[in-house]
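Structure, as structure tokens:
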Protein chains: 2
Amino acid sequence: MVELSTTKDGIPNQAEASDRVLQILSEAGRLFATKGYDGTSMRDIAVACGISKSLLYHHFSNKDEIYARVAVGSTLELYLFVRDRVPDGPPSQKIRAFMVATAEYFRRYRWAWIASTTAFWNDPDRHRQKERLTRRDRFENFLRGLIQEAIDAGEIRKVDVPMTGRLILSSLNWMHRWYNPNKSATPEQIADIFFDMVFNGLRSGDAAAPPPAEPPKSSRRKARQTSRS
Amino acid sequence: MVELSTTKDGIPNQAEASDRVLQILSEAGRLFATKGYDGTSMRDIAVACGISKSLLYHHFSNKDEIYARVAVGSTLELYLFVRDRVPDGPPSQKIRAFMVATAEYFRRYRWAWIASTTAFWNDPDRHRQKERLTRRDRFENFLRGLIQEAIDAGEIRKVDVPMTGRLILSSLNWMHRWYNPNKSATPEQIADIFFDMVFNGLRSGDAAAPPPAEPPKSSRRKARQTSRS
DNA sequence: ATTTTCACCGACCGACCGGTCAAGCCCGCT
DNA sequence: AGCGGGCTTGACCGGTCGGTCGGTGAAAAT
């Protein structure tokens, strides 16, 4: 319960919220993530919390505000969260830290993450959408800056920076569609594996770099499915 | 108009459908993709087609059936579509062809693709969801087979096969979120760039492979945004 | 010429939606 | 004991949802 919006750990949102409000945000986030915005009624949220529908309107002015607190409110500082976890060092390792930090954010605020990325990716032309895109741009431009750094430092090839950013973010943004918290690796470990693949490439060491010292826990199976992509 | 379900090109679905049915499926697909399943009412579809709502029920038994024809019906043979476009040759090139073919499918059946991947990624009904997952598994296992081939042939490192498949599919599945048909590259070209990045890696040639002969149309900009990921 | 077929429509239904409101409950304060 | 005021409620509202129904008109079949 109440897994969103902890006030510790530098996530500054949802400050001063009562337990009941936190409960509502938690249940609403889970419902928005699993059933979508339109598919989740105010009654659903009320029943999940064991309260009356009217009480929701005592704490929030309308459904949109609940969604905003769940999605925008908790996605608020993804950029800050990640930026503070990217230490100084070689640019390529900063990219790796960027990916691992984003995965950590995903693991910790999973429902809010899913709700914000799936429920409203289009949207009834809201002004809030613009705000989200602004944050998204800030986040993405941060990554592009890191990529450019790595290019300037000669650590990575002169690839197309926006396209490289999209590849990296794709691997992270799609994770919620197949990640199962009960098995396989943690999101941080997955991000690490993806970084290794993208940075070092899949190509074998013939006439190139030798197979890296740490093969990322290569489970030698014959391509049976475990979970979908 | 009527861009779904052409009977040529080996996409065998939607056979024997009247123009009106094709129009309904086309408009419904566009609406489902842009406004979501719950966000699209039968009235919306009827108005978009310039017909009465009753007529929808003359051609389809209910809303779910329309969605099924749009999403499941057109996603039907993604596996076959891609399989037929993967020629014999070096396994790594088969992976590349797999990616390009998937991108082509995305470009040609874009609305149905988006509708099927966004609207219902979870959600109520059971049997159709299972059917979709079965197809998805077949598609994904096909890719995993190609990856395993490339490993056995020594073309790529002994990476984790399922995880590698997820990385590749992530790059393709997330494309619809940022792809803009009016600018940048075609989906096929994007898939080609992604293949190059993932296969050869981002790392520069220091003590590894030299920077490949063809830097993929590296547009040397300073990491300003063009479109989001 | 009559019947059958079929694409098509307007009016309507019960259910549920987001949201409102007046009134109770329960608490500490005086 | 009396009381004010936050929390909480059930009843209710207008509107929209997916879906139904009886019927129309024109072409096709007989």
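Every chain is numbered from 1 and lettered A, B, ... according to where its sequence line falls, protein lines coming before strand lines.
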Set of residues satisfying ring pair (Phe, Tyr, Trp, His ring centres under 6.0 Å) with respect to [X], sequence neighbours excluded:
X: A:F194; value: none
X: A:F60; value: none
X: B:F195; value: B:F199

Residues within residues 43-52 of chain B bordering DNA chain D, heavy-atom distance below 4.0 Å: B:R43
Rounded off to whole Å, could you give me the [atom1]-to-[atom2] distance for the [X] and [N] pair?
X: A:L56; N: D:dC7; atom1: CG; atom2: C1'; answer: 13 Å
X: B:R20; N: C:dC6; atom1: CZ; atom2: C1'; answer: 13 Å
X: A:Y37; N: C:dC17; atom1: OH; atom2: P; answer: 13 Å
X: B:D64; N: D:dC17; atom1: CG; atom2: P; answer: 17 Å
X: A:N62; N: C:dG19; atom1: CG; atom2: P; answer: 5 Å
X: A:E65; N: C:dG18; atom1: CD; atom2: P; answer: 15 Å
X: A:K35; N: C:dC16; atom1: NZ; atom2: C1'; answer: 13 Å
X: B:D38; N: C:dG18; atom1: CG; atom2: C1'; answer: 15 Å

Closer than 3.5 angstrom, by distance alone: can the side chain of A:S26 be matched with the main-chain N or O of A:L22 as a donor-acceptor pair?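 It does not hold such a pair.
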Under 3.5 Å, is there an N or O donor on one side and an acceptor on the other linking the side chain of A:K53 and the base of C:dG19?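 Pair found.
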Which nucleotide, [options], lies nearest any side-chain atom of [X]?
X: B:Y57; options: C:dC8, D:dG18, D:dC7; value: D:dG18
X: B:S41; options: D:dC7, C:dA7, D:dG18; value: D:dG18
X: B:H59; options: C:dG18, C:dA7, D:dT9; value: C:dA7

Between B:I190 and B:F106, is a side-chain contact (heavy atoms from CB on, under 4.5 Å) present by the stated rule, with each step listed? CA-CA 12 Å; B:I190 293 166; B:F106 161 74; over 6 Å; no
Considering residues at least two apart in sequence or located in another chain, which fulfil the side chain to side chain donor-acceptor pair (under 3.5 Å) criterion with B:S61? B:E65
Here's a test of your reading of the structure: between A:H58 and B:K63, which maps to the more 5' nucleotide of DNA chain D?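 Residue closer to the 5' terminus by nearest nucleotide: A:H58.
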Sequence neighbours excluded, which residues qualify as side chain to side chain contact (heavy atoms under 4.5 Å, CB included) partners of B:K63?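 Here the qualifying residues are B:F32, B:Y37, B:M42.
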